[in-house]
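Here is the structure we will look at.
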Amino acid sequence: MIKKNNWKGWLYLAPIIILMAVFTFYPLISTFSIAFMKDYDYIKQTSAGFTFDNFAIVLGLAPTNPEAPVELQGYVTDVVRYAIPNTAIITFVTVPLSIIIALAIAVGLNSIPKFQKIFQTIFFIPYVTNSIAVGMVFAVLFDYNGIVNFLLGTMGREYAWIDLGAPTWKAMIALCIYIIWSSLPFKILIFLSGLAGIDKQYYDAAKIDSAGKFKTLMHVTVPLLSPQILYVMITSFIGAFKEYDSVVGLLGKPGTDATKNMYTVVYYIYDTISQNNVHYGSAAAVLLFVVILAFTGIQFWVSKKRVHY
Amino acid sequence: MEIRLKHLTKIFPGNPKKNIPDTHAVEDLNLTIPDGKLYALLGPSGCGKSTTLNMIAGLSEPSSGEIWFGDEDVTDLSPEKRGIGLVFQNYALYPHMTVYKNVAFPLTNLRVEEKVKDANGNDVLDEEGKPLVKKRKLTKIEIDKLVRETSKIVQIEEYLWRKPSQLSGGQQQRVAIARALVKHPRVLLLDEPLSNLDARLRLQTREEIRRIQKSTGITTIFVTHDQEEAMSISDEIVVMKLGVEQQAGIPQEVYNEPANRFVANFLGTPPINFFHGEIRGNKIYIGDAMVKEITDKTLPDQKVTVGIRPEGIVPSEKGVLPFHIDQIITQGRDIIIQGDHPLETRPCKFVVDAFTDVKVGDIHCEVKPHKCFAFSLEGNEERIA
């Protein structure tokens, strides 16, 4: 009975299946296979056979070009030297901070009786703004003669944040502020919808039980919001691991100069395309995938006891 | 703790621009709730009973009037300072906490005052010579003791380590009561405590509430729309309608002597039967049938609504009131006869003894005078006889 008309179901599904096959499944499988190909040339689509070396090279365990002198062995070691530490800093600084700030803003927005809708709209604006455009605005703010330095009273090239001559740590601060700012709206939105679903009686009960504001937040609001917090946490960790457009938006390509290097892992992956080193990029992408998968798995495992649906 | 409500009024403002009038949820309510009694606020939905409870709890601010707990005016006191325990309609148990933590939660916020002692166990005095008092949190041991004591009263000791979602409705209800009682409040407030339970559990739980109230002796106010529930367990009830008190008193007295047609109609299942009737020569008539003689006062002749309680008739050949039976509903203990009378306001239901010999068709009945009332057609339809 069911088998008879099966083709109809497939027909209805065809548009999305074709789209996903072309733009999702094929690239996915290609990435995995290219990661194991030696000297893959994506223009000629040729390779010199199967290898595990790509992973070793990306992680700096093997030289790109064993014959050349060490300093000329290319940017691949930048992954270890810059991309991995930078990505780690971005991830472990921006994700917790942005979640805490978004939670505070959402709880605040939820408790103001007037102009709530207007403020919600204002806080949502960064979400609908192009990240490159926002990056340019931040570049102006953090210019060595920009507003930030003006407010700090430290105008001048020697106090640069993101321009040539700025140290990596200063550029990193600017980058993190930018990333946090632009990631807030989505999180606030999720938290606000979660807060709207919490029965008001819990707060009345907490009030009668003479729990203070902070205690109510920590013992009532946060636990009842834990599904949303987990969701936001997992999606933001994934997003932060893949941070790329913010670097381009704020620092411009390549985000690297004599004094600083703002390479991230995904930045490196994109960079390999122009160098016709897609096999290294694919290997890095697979590694990143494994890390994200493991990290998400750990979060789910930890959250089992802490999240209350 | 005696609770007195003085001219308590709550008005929810409307919107004059959109022509929405103000809502008078509670209007000039004056009540005295005696110490240590179980008191029911009874009325249909929208009568202001929950609003009244919220005002007593401090969750809702009265528009005017006063609330007194004993000798203390608590009108402007915030809820946590009133010393109340509140059981919410859907319990509002924290789903992420175990039963134990739920019950202990109010205690973790509690501060007790304690006299400061010196090394010899004597009171330390302050500059004015009064004993120095220090506020402190309860210790874990004290909390544990209180939680276990209270759990014993409401019989939830077995479930202390479960989450609320692992409990039945009745068990959750008891946990909610334990959470309200654990800090030894001055007043226990229950908002529709039984409405989320099934019929059997409701019967059982209301006995339970009665037992807990008796054993703790705490002044308890509970809100309900179920008259049977209110009548069966409360010491006193107040019936409300559209924010206005209709009648307050001991349940049986309110039932026996309803102040007006609304109260008479609201109390009793099946509900009272109403007929178009009149008073002639100090006698109450339904059509030509004289159903009651008024002996204690003299009333002018007038049209009235006559109410007869369902248990107020006895089928009898000599009876004065003709009645046509449509249907006989056997209940085991007794029989409900359903039918019509030409002057009824709605189909009548009467309850008669199970051994009564009745058949579908026309009968005559006698009317028990103390089950028969006359209500004025004017104003609030007060009972006049």
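Numbered from 1 within each chain, the chains take letters A, B, ... in sequence-line order. Everything numeric here is computed off the predicted structure, so don't read it as measured data.
Between the OH atom of A/Tyr202 and the CG atom of B/Asn90 there is a distance of 7.5 Å, given to the nearest 0.5 Å. Distance check, rounded to the nearest 0.5 Å: CG of B/Leu86 to CG of A/Asp209 gives 9.0 Å. In this structure, B/Phe105 CZ and A/Lys215 NZ are separated by 5.0 Å, a value rounded to the nearest 0.5 Å.
B/His96 places no side-chain N or O within 3.5 Å of a backbone atom of A/Val222 that could act as its donor or acceptor partner. Between the B/Tyr94 side chain and the A/Ala206 main chain, a donor and an acceptor come within less than 3.5 Å of each other.
Comparing B/Val87, B/Val182, B/Leu110, B/Leu93 by how many heavy-atom pairs each has under 4.5 Å with chain A, the most go to B/Leu93. Taking B/Arg179, B/Arg111, B/Gln89, B/Arg82 one by one and counting their heavy-atom pairs under 4.5 Å with chain A, the maximum is reached by B/Arg179.
Contacts between A/Asp199 and chain B at a heavy-atom distance below 4.5 Å involve the side chain alone, from C-beta outward. Neither the backbone nor the side chain of B/Leu107 comes within contact range of chain A, judged by heavy atoms closer than 4.5 Å. When heavy atoms are compared at a cutoff of 4.5 Å, B/Asn54 does not approach chain A at all. Neither the backbone nor the side chain of B/Lys81 has a heavy atom closer than 4.5 Å to any heavy atom of chain A.
Atom CZ of A/Phe32 is surrounded by more than 12 heavy atoms from other residues, nucleotides or ligands within 6.0 Å. Environment of CG in A/Leu19: crowded, with over 12 heavy atoms of neighbouring residues, nucleotides or ligands closer than 6.0 Å. Counting heavy-atom neighbours within 6.0 Å of A/Phe119 CZ, excluding the residue itself, gives a total of 12 or less. Within 6.0 Å of the NZ atom in A/Lys242, the count of heavy atoms belonging to other residues, nucleotides or ligands does not exceed 12. For CG of B/Asn15, the number of neighbouring non-hydrogen atoms (other residues, nucleotides, ligands) closer than 6.0 Å is greater than 12. Within 6.0 Å of NZ on B/Lys101 lie no more than 12 heavy atoms contributed by other residues, nucleotides or ligands.
Taking each heavy atom of B/Pro79 and A/Ile208 in turn, the nearest pair found is CB-CG1, 4.0 Å. Nearest heavy-atom pair across A/Leu224 and B/Pro95 is CD2-CG, 3.3 Å.
Judged purely by distance below 3.5 Å, without hydrogens or angles, the side chains of B/Ser78 and A/Lys207 never pair a donor atom with an acceptor atom.
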